Number of protein chains: 2
Amino acid sequence: MSITIADVAARAGVSKTTVSRVLNGKGELDLRTAERVRQVIEELGYVPSARAVGLARGRTRIVGMLVPSLTWPWMGEVLQGAVDVVESEGYGLLLFTFNRGAESMQQFASQVSSQSFDGLLVIEPEGTLTFIEQLHARGLPVVLIDDRDKRPQFPSVATTNYAGGESAARHLLELGRRRPLVITGVERFGCTHERLDGFRGTYAQAGIELDQRLVFEGDFTHESGRRGVQYALDERLDFDAVFAHNDLSAGGAIQAVRETGRNVPNDVSVVGFDDIPYAEHTEPPLTTVHQPMRQMGQAAARMLMGYFGGTPLPETPQVLPTTLIVRSSTAPKVDSRTRPAPKHRSR
Amino acid sequence: MSITIADVAARAGVSKTTVSRVLNGKGELDLRTAERVRQVIEELGYVPSARAVGLARGRTRIVGMLVPSLTWPWMGEVLQGAVDVVESEGYGLLLFTFNRGAESMQQFASQVSSQSFDGLLVIEPEGTLTFIEQLHARGLPVVLIDDRDKRPQFPSVATTNYAGGESAARHLLELGRRRPLVITGVERFGCTHERLDGFRGTYAQAGIELDQRLVFEGDFTHESGRRGVQYALDERLDFDAVFAHNDLSAGGAIQAVRETGRNVPNDVSVVGFDDIPYAEHTEPPLTTVHQPMRQMGQAAARMLMGYFGGTPLPETPQVLPTTLIVRSSTAPKVDSRTRPAPKHRSR
DNA sequence: CTGAAAGCGCTTACAG
DNA sequence: CTGAAAGCGCTTACAG
């Protein structure tokens with residue numbers, strides 16, 4: 001029913017070989033023959049079958065993308081970045097998630113074996129790095145979008161977590177904030193350490209050692225941000241700033257601080273990490289370290305596309321910079337002895 | 001390099017036909033032959049090539065999914081729902097977006113023509129309904145995830161926008177809120193009218209005609225929620241509640257109300273629509289009408305899978321219910337004459 | 001510049 | 001119960 005290359009060939013009075021040639025622009029061919037064929041293609045609205053082309057060429061023009069979950073706050077950005085470049089190259093993006101755990105991986109593994117796609121973009125579902133490494137070792141082109149600073153032994157795109165921590169610290173130091181509370185991310189993630197180390201290092205350079213009691217282990221949830229602040233309050237630890245390792249926990253921290261009657265940003269300035277849409281809607285809007293998630297998705301996809309075009313995959317990670325976005329949750333510290341007594345504002 | 005059905009056949013000492021039969025469980029075959037073949041398949045780790053199977057069978061076992069954008073707040077939920085059922089059936093999900101406009105549609109159209117997938121799940125990018133309808137008319141199995149209450153002439157999954165509006169109204173009426181401000185969604189969307197009509201109808205039944213000046217046309221943005229409140233304030237319109245047509249604008253409304261020194265939920269109760277994650281993090285947490293986005297994704301995918309299995313696609317939309325989620329942004333109205341004077345709380 | 005033929009890796013009548 | 005052969009719709013040496 002659907003029209004095929006044979007139909008075009010017949011109608012144009014040439015062989016399928018010739019049609020194939022004009023389709024792919026390969027080999028020399030008479031200009032008028034080519035023109036005639038093109039016209040027939042146009043008339044018939046012929047589009048080659050992806051299945052048949054795939055089988056004949058041994059390539060699918062599809063890239064796979066494996067992600068842990070689709071409901072994370074920044075996942076849409078990464079995906080959009082990847083899809084944009086993949087689509088614009090005429091490739092398709094086949095999506096896989098780890099949502100159903102081991103079963104998902106089974107399905108995924110079998111899709112790999114059936115060669116459903118030519119290359120893979122992946123945000124590592126926890127605990128699957130070895131598996132991904134194997135795929136790469138067996139010859140599947142893979143590029144990791146390294147959201148957790150894993151620095152794997154295969155091509156990847158990452159961001160500057162360490163520098164991000166530094167920029168948060170520099171900003172708070174400039175504002176005169178000398179006792180920051182840090183609400184970290186999940187302990188086992190590389191990004192958590194990088195962000196903390198960068199932050200701590202910058203404070204150290206300014207002659208301030210971080211009070212170890214003011215480093216609270218969070219888990220990237222809104223709730224953990226609240227808990228971090230609550231903990232510091234319970235322990236009667238003095239702090240004039242919060243550096244939370246993501247925006248969600250920064251949002252929780254802001255709320256917990258304000259509920260004690262303290263003002264954000266004046267009494268306590270808060271800096272987050274990620275720059276998800278939520279960061280614009282906290283009260284006050286959140287100063288945060290922007291992670292270039294969309295660009296990371298794009299970069300990873302471009303690497304893969306480049307590879308298909310003949311450029312080898314880079315050995316070292318491509319690192320895209322974070323940038324500090326200053327909003328209203330941070331402000332200069334005013335010495336409390338010289339500051340006017342806080343006005344009571346009813347809300 | 002990759003092993004094929006011929007390798008298995010050779011090693012098992014049978015024909016490719018026989019291997020194919022054990023693979024697909026078709027036709028009678030000697031139990032021991034089958035067992036031997038299975039063993040060889042196991043040994044070799046053979047998995048049939050998706051491309052070849054696709055070409056031979058004329059089906060890809062891939063479903064396409066077209067969405068306007070991947071960065072909308074609830075898009076991840078829908079996608080996750082769809083992916084979950086598609087994956088569990090051994091199908092793949094090929095993702096397309098409208099992000100680059102006309103060019104995206106070009107690419108997409110050509111993927112349709114090349115028969116890259118067997119069926120389509122779609123959240124309509126604005127202005128493409130006619131195109132989608134054509135695809136359906138030409139025989140492509142399509143199911144629409146109808147987020148805007150378009151009620152198209154082909155299979156779809158929708159939700160109860162009207163009933164959602166009713167439930168918001170009922171809740172506010174029970175709380176004694178008689179003068180609600182409505183901040184609508186985009187005017188040209190069906191869902192906006194449904195939500196408004198359901199809301200208005202319920203108030204009318206309670207003998208309260210909505211003040212037309214208290215219906216403000218928003219556009220689903222946080223900012224439009226603020227504007228709606230600002231407008232009512234500027235016009236000196238009295239209101240004791242807000243019904244916003246999505247959570248983002250509800251969040252903006254909450255902030256605008258609080259900035260005037262009024263209390264949410266006591267002075268003004270606020271109800272949203274959607275129940276995105278943000279709704280849990282507003283201050284106070286938002287009472288809202290939950291839309292079953294994930295279930296809609298699942299239902300749509302199941303419809304399509306069912307169709308592949310022989311069940312015809314339903315003629316009428318499958319409608320999944322919304323549910324009111326009560327949080328802290330709504331509370332009973334206390335008559336101001338009997339209520340204690342507001343305490344000034346510093347925040 | 002052009003075409004006949006083989007091949008990509010499967011499935012599916014058709015025969016036996 | 002099993003296999004040889006044709007076919008799915010292309011691409012790609014190879015020949016001319």
Side-chain angles (χ1 to χ4, degrees), chain A residues 1-38 40-41 44-62 90 110-118 308, chain B residues 1-38 40-41 44-62 90 110-118 308:
Chain A
M1 333 196 319
S2 188
I3 77 147
T4 73
I5 197 173
D7 302 326
V8 176
R11 177 115 167 212
V14 296
S15 70
K16 295 189 293 175
T17 307
T18 297
V19 177
S20 177
R21 277 199 268 261
V22 351
L23 245 20
N24 302 299
K26 281 181 185 168
E28 346 264 87
L29 55 178
D30 187 290
L31 284 181
R32 29 194 60 177
T33 314
E35 189 43 49
R36 184 153 36 94
V37 172
R38 254 189 283 276
V40 174
I41 288 174
L44 266 41
Y46 168 67
V47 180
S49 150
R51 292 191 286 266
V53 175
L55 183 57
R57 279 214 270 251
R59 280 153 150 270
T60 53
R61 299 210 112 211
I62 289 180
S110 116
Q111 296 269 3
V112 174
S113 305
S114 70
Q115 307 180 60
S116 301
F117 43 83
D118 300 338
F308 296 146
Chain B
M1 330 198 320
S2 187
I3 76 148
T4 73
I5 198 173
D7 301 325
V8 176
R11 177 114 167 213
V14 297
S15 70
K16 295 188 293 175
T17 307
T18 298
V19 177
S20 176
R21 276 199 268 262
V22 352
L23 244 23
N24 301 300
K26 282 183 185 168
E28 346 263 270
L29 56 176
D30 188 290
L31 285 182
R32 27 195 60 180
T33 315
E35 188 46 46
R36 186 154 35 94
V37 171
R38 254 188 282 276
V40 173
I41 288 174
L44 266 40
Y46 168 67
V47 179
S49 151
R51 291 191 285 267
V53 174
L55 182 57
R57 278 214 270 253
R59 281 153 149 270
T60 53
R61 298 209 118 222
I62 290 181
S110 115
Q111 296 270 1
V112 174
S113 306
S114 72
Q115 306 180 60
S116 301
F117 43 83
D118 300 338
F308 297 146

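These numbers come from a predicted model, not from an experiment. Worth knowing before you read on, the calculation uses all heavy atoms, side chains too, and leaves out hydrogens, waters and symmetry mates. Note on naming: letters A, B, ... go to the chains in the order of the sequence lines (proteins, then strands), and numbering restarts at 1 for each one.
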| message | Mind checking if B:Leu29 touches a base, just sugar-phosphate, or nothing, with heavy atoms under 4.0 Å? | response | sugar-phosphate
For [X] and [N], what is the distance between atoms [atom1] and [atom2] respectively, to the nearest whole Å?
X	N	atom1	atom2	answer
B:Arg51	C:dG7	CZ	P	18 Å
B:Leu55	C:dG7	CG	P	17 Å
A:Gln115	C:dG9	CD	P	8 Å
B:Asp7	C:dC8	CG	C1'	14 Å
A:Arg59	D:dC10	CZ	P	19 Å
A:Glu35	C:dT2	CD	C1'	18 Å
A:Leu31	C:dT2	CG	P	10 Å

| task | State whether a side-chain donor-acceptor pair under 3.5 Å links B:Ser110 with B:Ser113. | result | no
List the atom of [X], the atom of [Y], and the distance in Å for their closest heavy-atom pair.
X	Y	value
A:Gln115	A:Thr60	O-CG2, 3.6 Å
B:Gln111	A:Gly90	NE2-O, 3.7 Å
B:Ser114	A:Pro48	CB-O, 3.2 Å

Please state whether the phosphate of [N], meaning OP1 or OP2, lies under 4.0 angstrom from any side-chain nitrogen or oxygen of [X].
X	N	result
B:Thr4	C:dG9	no
A:Thr18	C:dG3	yes
B:Tyr46	C:dC10	yes

| said: Could you go through A:Thr33 and A:Val22, starting from their C-alpha distance and side-chain angles, then the distance that decides it, and tell me whether this counts as side-chain contact (heavy atoms from CB on, under 4.5 Å)? | reply: CA-CA 9 Å; A:Thr33 314; A:Val22 351; over 6 Å; no
| task | Summarise how protein sits on nucleotides 11-16 of chain D as a single string, 5' to 3': B when a protein heavy atom is under 4.0 Å from the base, S for sugar-phosphate-only contact, - for no contact. | result | SBB---
| message | With rounding to the nearest 0.5 angstrom, report the CZ to CD1 distance, A:Arg11 to A:Ile3. | response | 9.0 Å
| Distance (rounded to the nearest 0.5 Å) between A:Ile5 CD1 and A:Ile41 CD1 | 8.0 Å
| field | Duplex segments of DNA chain D, taken as runs of at least three Watson-Crick or G-U pairs that stay under 3.5 Å | value | C:1-3 with D:14-16, C:5-12 with D:5-12, C:14-16 with D:1-3
| Residues which pass salt bridge (Lys or Arg N to Asp or Glu O under 4.0 Å) with A:Arg61, listed by chain and number, not counting sequence neighbours | none
| request: State whether A:Arg32 and A:Glu35 are salt-bridged, where the test is any N-O pair (Lys NZ or Arg NE/NH1/NH2 against Asp/Glu carboxylate O) under 4.0 Å. | output: no
